[in-house]
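Read through the structure below, which is laid out as structure tokens, and then see the notes.
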Number of protein chains: 2
Amino acid sequence: MAISPTHTNRTADSIIVPDVVVERLPLYVRVLAGFEARGTEMVSSEQLGSQLHMTPAQIRKDLSYFGRFGKQGRGYNVQALALRLREILGLDRSWNACLVGVGRLGRAIISYPGFAPEGFNIVSAFDMNPAVVGTMVDGISVDAISEIKPVVERLDIAIGIVAVPAAAAQEVIDRLVEAGVGGILNYAPITAHAPGNVKIKNIDPVMSLQSMTYYLKTRIQA
Amino acid sequence: MAISPTHTNRTADSIIVPDVVVERLPLYVRVLAGFEARGTEMVSSEQLGSQLHMTPAQIRKDLSYFGRFGKQGRGYNVQALALRLREILGLDRSWNACLVGVGRLGRAIISYPGFAPEGFNIVSAFDMNPAVVGTMVDGISVDAISEIKPVVERLDIAIGIVAVPAAAAQEVIDRLVEAGVGGILNYAPITAHAPGNVKIKNIDPVMSLQSMTYYLKTRIQA
DNA sequence: TGTAGTGTGTGCCTTATATCACAAGCGCAA
DNA sequence: TTGCGCTTGTGATATAAGGCACACACTACA
């Protein structure tokens, strides 16, 4: 949460970075990767901004929370900035995750090919259903819910992915927290609760659609 | 976007409701459904707030954008408020959606059982791969990308769900917009662009994880 | 009819976030 | 070496969102 900047004259070290800013960093990493792939050496906040549809000032300010990465008159070195942002986000290493709930959704998550290339490895799965426990799904062995704590500890799992029915989700989250995970990716349609030192991110396509329709309602159909 | 309130003495009709507020409404609908199921007749903003971990004042203020639904000293009638919010969000009807990209992710989306009960029906699918075009997936026929426009018009499709690789996503989104959809649910990891009258919602679990690790980094492991 | 208890709706204030705008730094060209 | 064009980093300012606190409305009960 804290960073050690040499770049500031404010009261103290350890400036708190707003969540909104942290959530934008992966976006920057992604467009930088694009420029990197195209062999571009330098980019300006202007260029980044036009790609991302945001103002250059916002990008500069976001970056300024973490240091001074740019050169006046030149912009940012693509490679260096990408590298630095990955370090800041903790993307310069890989992370172990476990999945709870090996139903239809859970299986789709296990076989989703987007996690591994970014350094997120699902190394373990859990389910309540005795018919599934003990089987292998896509190379991952499925254990009983009661095994969460020992397995999380043994495999150094930092992230729990929750794909169980709504009714069971909070209970599962509590177990994951107790087992020591630091973050939870929750696919269940509930308002999940966890202690402040555990980060929860919700993925809820249905809720996205349900707010979208508010805008569809008033549209004149083409 | 506009509402016709009798409840206000402000400058004009048609108050613009902030996006953040609209995005919270489905949350309210969900907890109200819970109270409804338990047979509760009245709830206070206090009770709603404690379920959702938010302040009662925020809930009251959010609701006040749309009308005066509560009774002093009593709270809100659960059924009536749920009904009204559903109307406001356009959830008192069903919506047709189409899926573009029938790969692994696309198939998982088609067979995801969470959409239909909430009134979102995937009625059509499209893919680029000639091997898939013409087949049926989970009861949905797969057409060529070039068919998007006629099919969207014929089946009155308001929502496009994008599950194609990043490189193809913007092109697909452009086609969907041109075909006349009003909203897009985008699973591709890109910064999508669309005209202002088309609502885009992104679902990106990887990006969620990538910002989560920022907080995991600094955690003392248990 | 009166009074006590409760919870809404909202004006006003606080906090958070975004944008502006400019001094200062850098590189290039003459 | 000087000067010009460009782009950063950041105070200052503007806008947006959140929360407080209270007048007022409603119910219940005496």
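All values below come from the heavy atoms of this structure, side chains included, with hydrogens, waters and symmetry mates left out. What you are looking at is a predicted structure, and each value in this text was computed from that prediction instead of being measured. In the text below, chain A, chain B and the rest are named by the order of the sequence lines, each starting its count at 1.
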- Query: Which part of the nucleic acid does A:Arg60 contact within heavy-atom distance under 4.0 Å: base, sugar-phosphate only, or nothing?
  - Reply: base

- Query: Starting at NZ of B:Lys71 and ending at P of D:dA28, how long is that distance when rounded to a whole Å?
  - Reply: 11 Å

- Item | Atom pair NZ/CG of B:Lys217 and A:Leu91 - distance to nearest 0.5 Å | 9.0 Å

- Task: Tell whether A:Lys61 reaches the base of C:dT17 with its side chain through a donor-acceptor pair below 3.5 angstrom.
- Result: no

- May I ask you to check whether A:Asp62 and A:Gln58 show a side-chain donor-acceptor distance below 3.5 Å? no

- Under 3.5 Å, is there a donor-acceptor pair between the side chain of A:Thr40 and the main chain of A:Glu36? no

- Note on the structure: Between NE2 of B:His53 and P of D:dG19 the distance, given in whole Å, is 14 Å

- Query: Given D:dA17, D:dT7, C:dC26, which nucleotide is nearest the side-chain atoms of B:Val20?
  - Reply: D:dA17

- Should the pair A:His53 and B:His193 be assigned to parallel (<30°), tilted (30 to 60°) or perpendicular (>60°) ring geometry? parallel

- Message: Does D:dT10 have OP1 or OP2 under 4.0 Å away from a side-chain N or O of A:Arg68?
- Response: yes

- Check the distance between C:dT6's C1' and B:Glu46's CD and give it to me in whole angstrom. 12 Å

- Message: Using heavy-atom distances to pick each residue's nearest nucleotide on DNA chain C, tell me which of B:Gly73 and A:Ala57 is more 5'.
- Response: B:Gly73

- Ranking A:Met54 and A:Gln72 by the position along DNA chain C of their nearest nucleotide, the one closer to 5' is A:Met54

- Query: Counting any heavy atom closer than 4.0 Å, what does A:Pro56 reach on the DNA or RNA strands: base, sugar-phosphate only, or nothing?
  - Reply: nothing

- Options C:dG27, D:dG19, D:dT27, nucleotide nearest the side-chain atoms of B:Thr55: D:dG19

- Figure out the CE/P separation between B:Met42 and C:dG7, and round it to whole Å. 10 Å

- Query: Looking only at side-chain N and O atoms, does A:Tyr76 come under 4.0 Å of OP1 or OP2 in D:dC6?
  - Reply: no

- Would you say D:dT7 has OP1 or OP2 under 4.0 Å from some side-chain N or O of A:Ser45? no

